[in-house]
Amino acid sequence: MQQFQLMSALSAYFAEKYPSFPKETVIAPERTPAGMAGDLTVNCFRFAKLCGGNPMAVAAEAAAVLAGHADVEAAEAVKAFVNVTMTPEAVHRASLGNTARLFELGKFPEAERRRILIEYSAPNTNKPQHLGHVRNNTLGMSLASLMKRIGHTVFEINLVNDRGIHICKSMIAYQRYGEGETPESTGIKGDHLVGLYYVKFNAVLSDEIKALKAARPELAAQDSEELFLETELGRATQKMLQDWEAGDAGVRALWRKMNDWVFAGFDATYRTMGIHFNHTYLESETYLLGKDIISSGLESGVFTRRSDGAVIASLGKLGDKVVLRSDGTSVYITQDIGTTLLKQQDYQPQSMIWVVGDEQNLHFQMLFAIMKKLGYDWADDLFHLSYGMVNLPTGKMKSREGTVVDADELFAEMTELATEGCRERAGEEVSPEELARRGAIIGMGALKFMLLKFNARTTMMFDPAASVRFEGDTGPYVQYACARISSIERKARERGVDFDAAHVDWALLGKEEEKDLSMLAAFYPAALRTAAERRDVSNLVEYALDLAKAFNRFYRECPVLNAETSGLAAARLAMCAAVREVLTDVLKTLTIEVPDAM
RNA sequence: GGCCCGGUAGCUCAGAGGAUAGAGCAGCUGCCUUCUAAGCAGUUGGUCGUGGGUUCGAUUCCCGCCCGGGCUACCA
């Protein structure tokens, strides 16, 4: 579906005149840069060779053709660009005058819609989630949301790491120092309580290593990892892991109890973020998967046995990867091969995406290479959405040094500050419950928006002081534009101003701010498609800001309720409603809610 | 050492062959008896790390170098 009729006309003209210009060619217009006259710009560099001419000549020809179109007021060729000034009616017809069509243009055609599985979050059950997880969660949920918005069928999957030596660390610390504490008895959220024992473990271990080094000076140069099994605590932890694997009833019971606390805590964190997974896989149930694939791959020659007995995959430039230890036990990638197959069986996705930090880039390159080697036809559509670390002005976040920004505390702080802001603005008649509701929407919106503004691959800087400011390029800026529109609509109802959608005279909206606003809205489908193709929503964040900015300019220059005529008031009111629809749709795609008032 | 990612305004980040390199913050000037000032308008600020190359055209692509980060386990 071609959005602008004048562009179809131009394509048809070139196709008619030049045999070398394919009929189905879509000439995608660009926005005219600020400061230049025009609404749309045609960049003739992009297709001039299809017309067999030089770009300047093609531009001159295009300008002449476009100038004769009914939707065009002026078309001027500048070098290889044609700047087109459209009639207000044509601008709005392609955009805010028909939001249903605009939204439909933002979807992939049926034939391009697919089943996509997105795995994200993947926390460990030994500590609460921190800002790094929040970035992961936000990227994952917004990517899933975008893919749904564009028309795909999406499965959101979590894979919780609920077993292993690190889980035993908090267990053994609790066993020794917990004195029967529970979330109920302490009033501490389950994941935070378990996290305290993880911290306790590391403190005790550190003391023991210090003592060990004092007693045996020859160990002074060794790091704590190497000395782990030299400590009593380390050996006890190792023993607990072995007992867990052997199915020891006592260890399993403790494990289940503490994991249940953590899961309850994670549920609350996810609820606050608005996350719902289709399914959560547990590593305790999947960690033995993959071994059967290794054996059959060994028989078919995909894998080979090394002289020391280990089974390896030879991956060319990536090198050799051990997929089974010489003692026959699994490594991490063995289990990942297994869970990839399990997810494929369970959901038959045509594409799978993993949202995982960039330190695992090589791991995923190897995993994907192995899946291809195994010959699965879906192995070409596996993607690692790799994202960078979150740093603080004080440096890197480190759990052990207590410099992590806790997710739940961050949510609470953002929400509290936003609620306070609402309270200052609101009248007496607004209830505390309503203020808290708005505060949560604004606070969480600000946080998600900030995290999504960065390209995923960038190692981002999180400045706590900057994050709690709700001015400038922020989520609340966009939400505020919506709130202003809602306010106008409330006042319109009070004053009995209304519009009949079928009889709005869009041609009345010819001021620069009105055309700019609609023109920008016209590019929403393109923004959605770009984001989906790149699997990156950061351009949508920029888009939302641009549109909100264009609205605020309109708001300043074009009075709605006090417009010169009732017809103009009705048209502007219709435009406001349409802008609110688009802004709400963008924010919703970014998993951000919109408050009625701020 | 090898591989990957980054280096753009004082700070945090956009831009990924095309017209004059953008935004927010910070700084400076204005605007609240008029639909919410979490707003608007204006302004200061750049050899796009560096040296070559390809191109009509390079901040964008290619090569070298410098700086920062990550990875380079029979850990997860």
Side-chain angles (χ1 to χ4, degrees), chain A residues 30 32-36 41 43-46 54-56 78-81 83 122 124 161 163-166 225 283 287 306 308-312 317-319 321-336 357-363 365 386 388-389 391 393 396 418 421-422 424-426 442 446 450 453-455 457-463 465-466 469-481 483-492 495 497 538-539 541-542 545-546 548-549 551-553 555-563 569 572-573 576 597-598:
Chain A
E30 298 165 11
T32 305
M36 297 182 128
T41 288
N43 181 348
C44 299
F45 281 114
R46 300 206 185 284
N54 83 57
M56 319 294 164
V78 181
K79 299 181 188 175
F81 299 90
N83 296 329
N124 297 337
N161 189 337
R163 64 158 287 281
I165 194 79
H166 52 299
E225 302 252 323
E283 230 182 87
Y287 79 110
R306 205 162 58 181
D308 60 6
V311 178
I312 60 165
K317 280 181 188 165
L318 296 175
K321 177 67 189 171
V322 171
V323 292
L324 214 53
R325 293 191 184 97
S326 47
D327 66 3
T329 57
S330 298
V331 290
Y332 177 50
I333 204 162
T334 318
Q335 146 190 346
D336 240 8
D358 59 12
E359 70 276 7
Q360 293 202 37
N361 284 353
L362 180 61
H363 169 79
Q365 283 178 31
S386 164
M389 223 180 314
N391 289 335
K396 287 183 190 174
C422 290
E424 282 167 17
R425 272 154 243 273
I442 296 163
M450 185 209 57
K453 206 168 71 172
F454 302 97
N455 187 311
R457 89 170 68 82
T458 144
T459 303
M460 59 168 278
M461 173 72 74
F462 177 84
D463 181 349
R469 278 198 292 263
F470 298 147
E471 290 153 22
D473 274 359
T474 64
Y477 177 91
V478 182
Q479 290 172 325
Y480 187 62
R484 280 179 146 179
I485 294 172
S486 296
S487 178
I488 290 174
E489 290 176 328
R490 272 193 299 275
K491 292 218 157 78
R495 301 184 194 179
V497 179
S538 63
N539 72 302
V541 172
E542 291 297 323
L545 285 169
D546 286 345
K549 260 178 230 177
F551 172 77
N552 278 329
R553 269 180 244 122
Y555 180 87
R556 165 85 171 191
E557 293 299 321
C558 307
V560 177
L561 300 176
N562 299 320
R572 284 182 177 162
L573 195 56
C576 284
M598 289 172 71

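Chain letters run A, B, ... following the sequence lines, proteins first, then strands; residues in each count from 1. Please read these numbers as outputs of a predicted model, since none were measured by experiment.
- Among the atoms of the strands shown, base atoms are found under 4.0 Å from some heavy atom of A:Cys558.
- Rounded to whole Å, the separation between the C1' atoms of B:rU47 and B:rG7 comes to 16 Å.
- Stacking between A:Phe81 and B:rA19 is present: the aromatic ring centre lies within less than 5.5 angstrom of the base six-membered ring centre, and the two planes differ by under 30 degrees.
- Going from atom CE of A:Met461 over to atom P of B:rG7 covers 14 Å, rounded to whole Å.
- A:Leu573 has its CG atom 16 Å from the P atom of B:rC35, to the nearest Å.
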Report task. Check step by step if side-chain contact (heavy atoms from CB on, under 4.5 Å) holds for A:Asp473 and A:Lys549. Result -> CA-CA 10 Å; A:Asp473 274 359; A:Lys549 260 178 230 177; 3.9 Å; yes

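- Distance from the side chain of A:Pro33 is smallest to B:rA19 among B:rC4, B:rA19, B:rC40.
- Between the CZ atom of A:Phe454 and the P atom of B:rU12 there is a distance of 10 Å, given to the nearest Å.
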Kindly give the atom pairs (protein nitrogen or oxygen, nucleotide nitrogen or oxygen) under 3.5 Å for nucleotides 54-60 of chain B.
none

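- You'll find the side chain of A:Tyr332 reaches within 4.5 Å of the side chain of A:His363, heavy atoms only.
- Across all strands shown, A:Lys317 has no heavy atoms under 4.0 Å from either base or sugar-phosphate atoms.
- Among B:rA19, B:rG24, B:rA76, the nucleotide with an atom closest to any side-chain atom of A:Asp473 is B:rG24.
- As judged by a 4.0 angstrom heavy-atom cut-off over every strand, A:Ser487 is placed among the base-contacting residues.
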Which pairs, protein N/O on one side and nucleotides 70-74 of chain B N/O on the other, fall under 3.5 Å?
from   : atom 1 : to       : atom 2 : distance (Å)
B:rG70 : OP1    : A:Lys396 : NZ     : 2.2
B:rC74 : O3'    : A:Arg325 : NE     : 3.2
B:rC74 : O2     : A:Ser326 : N      : 3.1
B:rC74 : O2     : A:Ser326 : OG     : 3.2
B:rC74 : N3     : A:Ser326 : OG     : 2.8
B:rC74 : N4     : A:Asp308 : OD1    : 3.2
B:rC74 : N4     : A:Asp308 : OD2    : 2.1

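- Remark: A:Arg553 is in phosphate contact with B:rA41, judged by side-chain N or O atoms under 4.0 Å from OP1 or OP2.
- Base pairing annotation: B:rU59 forms no Watson-Crick or G-U wobble pair, as no partner gives both donor-acceptor distances under 3.5 Å.
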Report task. Go through the steps to decide whether A:Met36 and A:Thr41 satisfy the test side-chain contact (heavy atoms from CB on, under 4.5 Å), and finish with yes or no. Result -> CA-CA 10 Å; A:Met36 297 182 128; A:Thr41 288; over 6 Å; no

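- Contacts of A:Asp336 with the nucleic acid, taken as non-hydrogen atoms under 4.0 Å apart, are absent.
- Using C1' as the reference atom, B:rC48 and B:rG22 are 12 Å apart when rounded to the nearest Å.
- Judged by distance alone, with hydrogens and angles left aside, the side-chain atoms of A:Arg572 form a donor-acceptor pair with the main-chain N or O of A:Pro559 at under 3.5 Å.
- Here the nucleotide nearest the side chain of A:Asn455, chosen from B:rA38, B:rA76, B:rA14, is B:rA14.
- Nearest approach of A:Met461 to A:Pro393, heavy atoms of both residues: SD-N, 3.5 Å.
- Candidate nucleotides B:rA76, B:rA14, B:rG24 were compared by shortest atom distance to the side chain of A:Glu542, and B:rA14 ranks first.
- For A:Arg469 against B:rA38, no side-chain N or O and base N or O form a donor-acceptor pair under 3.5 Å.
- With a cut-off of 3.5 Å on both Watson-Crick or G-U wobble distances, the partner of B:rA23 is given as B:rU12.
- You'll find the side chain of A:Ile442 reaches within 4.5 Å of the side chain of A:Gln479, heavy atoms only.
- Under the Watson-Crick and G-U wobble criteria, each requiring two contacts below 3.5 Å, nucleotide B:rG39 is paired to B:rC31.
- Taking atom P on both nucleotides, B:rG49 is separated from B:rG6 by 12 Å, rounded to a whole Å.
- Separation of the C1' atoms belonging to B:rG64 and B:rA26 is 38 Å when rounded to the nearest angstrom.
- Nucleotides B:rA14 and B:rG24 have their P atoms positioned 16 Å apart, rounded to a whole Å.
- Residues A:Ala80 and A:Met56 come closest through the heavy atom pair N-SD, 3.7 Å.
- When heavy atoms are screened at a 4.0 angstrom cut-off, A:Gln479 is found touching no nucleic acid atom at all.
- At the heavy-atom level, A:Ile442 lies under 4.0 Å from base atoms of the strands shown.
- Residues A:Tyr477 and A:Gly472 share a closest heavy-atom pair of CB-O, 3.1 Å.
- In this structure, A:Ala492 reaches neither bases nor backbone, as no heavy-atom distance under 4.0 Å exists between it and the strands shown.
- Against the 90° criterion about 0, the sugar-base torsion of B:rC56 places it in the anti range.
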Report task. Evaluate the criterion side-chain contact (heavy atoms from CB on, under 4.5 Å) for residue pair A:Phe551 and A:Cys576; output intermediate values, then yes/no. Result -> CA-CA 8 Å; A:Phe551 172 77; A:Cys576 284; 4.1 Å; yes

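- In a base pair of the Watson-Crick type (N1 to N3 plus N6-O4 or O6-N4) or a G-U wobble (N1-O2 and O6-N3), with each distance short of 3.5 Å, B:rC3 is matched with B:rG70.
- In this entry the distance linking OH of A:Tyr477 with C1' of B:rA37 reads 12 Å, nearest Å.
- Nearest-nucleotide mapping onto RNA chain B: of A:Arg425 and A:Arg163, the residue sitting toward the 5' end is A:Arg425.
- Look at the C1' atom in both B:rA21 and B:rG46: the space between them is 9 Å, to the nearest Å.
- Counting to the nearest Å, the C1' atom of B:rC13 and the CG atom of A:Asn391 are 14 Å from each other.
- One can place CZ of A:Arg457 at 11 Å from P of B:rA16, the figure rounded to the nearest angstrom.
- One P atom belongs to B:rA16, the other to B:rC11, and the distance between them is 24 Å to the nearest Å.
- Considering only the side chain of A:Met36, B:rU20 comes nearest among B:rU20, B:rU34, B:rA23.
- Among the heavy atoms of the strands lying under 4.0 Å from A:Ala483 is at least one base atom, whether or not backbone atoms are also near.
- Phosphate proximity of B:rC40 to A:Asn552: present, with a side-chain N or O under 4.0 Å from OP1 or OP2.
- Taking atom C1' in both B:rC63 and B:rA58, the straight-line distance is 15 Å, to the nearest Å.
- In terms of position along RNA chain B, the nucleotide closest to A:Leu545 lies nearer the 5' end than the nucleotide closest to the other residue of the pair A:Leu545 and A:Cys422.
- If you check B:rU20, B:rC35, B:rU12 against the side chain of A:Lys79, the one that comes closest is B:rU20.
- Figure legend. B:rA76 is base-paired to no nucleotide; pairs are counted as Watson-Crick or G-U wobble with both atom distances under 3.5 Å.
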Tell me which donor-acceptor pairs under 3.5 Å the side chains of residues 321-328 of chain A have, and how far apart each pair is, sequence neighbours excluded?
from     : atom 1 : to       : atom 2 : distance (Å)
A:Arg325 : NH1    : A:Thr329 : OG1    : 3.0
A:Arg325 : NH1    : A:Ser330 : O      : 2.8
A:Asp327 : OD1    : A:Thr329 : N      : 2.9
A:Asp327 : OD1    : A:Thr329 : OG1    : 2.6
A:Asp327 : OD2    : A:Thr329 : OG1    : 3.4

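- In this structure, CZ in A:Arg484 is found 4.5 Å from OH in A:Tyr555, a value given to the nearest 0.5 Å.
- Heavy atoms of A:Thr458 sit under 4.0 angstrom from primed sugar atoms or phosphate atoms, though from no base atom.
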